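One structure is given here, and the rest of the page talks about it.
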Amino acid sequence: MNKSYRIITDASADIDPVLAQEKRIIFIPMTYLLDGEEFVCSGPGNEGSVRDFYEALRKGGKPSTSQISPQVYEDFFEMFACHGEDILYISLSGGLSGTLQSATLAAMELRERYPDSEIICVDSRSATIGMGLLLEAAANNRDRGMSLHENVRWLKEHRLEIQHWFMVDNLGFLKRGGRISAATAMVGTLLNIHPLLKIEADGTLINFEKCRGSKAGIARLVQLFDETAPKDVDQHVYVVHADNPEAAEKLRREILSVRQRASVSVVQLCPVIGTHVGPDMCAIAHWGRPESSRTDKA
């Protein structure tokens, strides 16, 4: 019989909170700053405080984040390792954050003190709801009896099948993050440009297309979903929004219009990721056909 293990992630993952509780997924809290005041994001849920966060951004609030330190990871993992429990940690994409490196350093340190506990860190190559889909799969694999090592192997083989499509509303946040220039942000705002972004095979986020207006952007997101999601598979699709429930509901309805048998969950974008994309962003994540270049197993 395979030894049981914990599935852990951090608060940058977005997932249906009821499902996360049912699947016993554990979240490491993350902190963020808003106008110099520190707040804690502990995982999915707390929709009221999330709405307050985005409303503060609309009024000019200045947010910032910092990654989890190796010491925080070590302290958190040790709560389980000291009892001999194994851990599968699924991180925010290493192409977007250094949290994977911090978690790996903590795991290496703990292995020396707790040789009976195995801690494996997996790069999701995803963010937000893409991480949510991978966490669901990992928990389902575990519940079906898949061992820790079998699960890790499966995740690395299939993680690049997750497709992410993002529509950003506020160009100022992309400018602050260095993804577009100040001139591009100014012109784009005047022309009502909505950039579309996706996560590449190496886990980085790129701006690959532009749409005039949110209506065109939503239509394009649905088109991308329709082009890349298998038509013969009933699957769980995630829609995430940064305090933009009207656009998220439109996305949900449009997805169901092209995949009647899909299951669509709508969740709020956590402030940790929302800091970098701003209010009103919408995104879709689903399982789909990976690009032919996506073959690495690192």
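Position 1 is the first residue of the sequence; numbering continues from there. Computed from a prediction, not measured in an experiment: that's the story for all the values here.
When side chains are defined from C-beta on, Arg259 counts as touching Lys231, because their heavy atoms get closer than 4.5 Å. Residues Glu249 and Glu246 are not in side-chain contact: their nearest non-hydrogen atoms beyond the backbone lie 4.5 Å or more apart. Contact check for Ile284 versus Val240: no side-chain heavy atoms found under the 4.5 Å cut-off. Within the 4.5 Å cutoff, the side chain of Lys23 has no heavy atoms near those of the Leu135 side chain.
Nearest approach of Ser93 to Asp202, heavy atoms of both residues: OG-O, 4.5 Å.
The pair Glu150-Arg144 does not count as a salt bridge, with every side-chain nitrogen at least 4.0 angstrom from each carboxylate oxygen. Glu118 has no carboxylate O lying under 4.0 Å from a charged side-chain N of Lys3, or vice versa, which leaves the two without a salt bridge. We find that Lys198 and Glu200 are joined by a salt bridge, their nearest charged nitrogen and carboxylate oxygen being less than 4.0 Å apart. Contact check on Arg51 versus Glu55 returns no salt bridge, with no Lys/Arg side-chain nitrogen under 4.0 Å from an Asp/Glu carboxylate oxygen.
Rounding to the nearest 0.5 Å places NZ of Lys156 at 8.0 Å from CD1 of Ile120. Here Arg142 contributes atom CZ and Arg24 contributes atom CZ; the two are 4.0 Å apart, rounded to the nearest 0.5 Å.
The aromatic rings of His164 and Phe166 lie parallel to each other, their planes meeting at an angle below 30°, with 60° marking the opposite boundary. Between Tyr32 and Phe39, the ring planes lie parallel to each other; the angle is under 30°, not in the 30° to 60° tilted range.
More than 12 heavy atoms of other residues, nucleotides or ligands lie within 6.0 Å of CD in Gln223, so this atom counts as buried by the packing criterion. Open room surrounds CE on Met108; 12 or fewer heavy atoms of other groups in view lie less than 6.0 Å from it.
Paired with Trp165 under the rule side chain to side chain contact (heavy atoms under 4.5 Å, CB included), one option of Leu197, Ile199, Thr228 passes, and it is Thr228.
In summary, the side chains of Thr65 and His276 do present a donor paired with an acceptor at a separation below 3.5 Å, with no hydrogens or angles considered. Between the side chains of Tyr5 and Asn151, at least one donor N or O sits under 3.5 Å from an acceptor N or O. Gln71 and Asp75 are linked by a side-chain donor-acceptor pair at a separation below 3.5 angstrom, with hydrogens and angles left out of the test. Side-chain contact of Asn244 with Tyr54: a donor-acceptor pair under 3.5 Å is absent, judged by distance alone.
In summary, the aromatic rings of Phe225 and His286 are positioned with their centroids under 6.0 Å apart.
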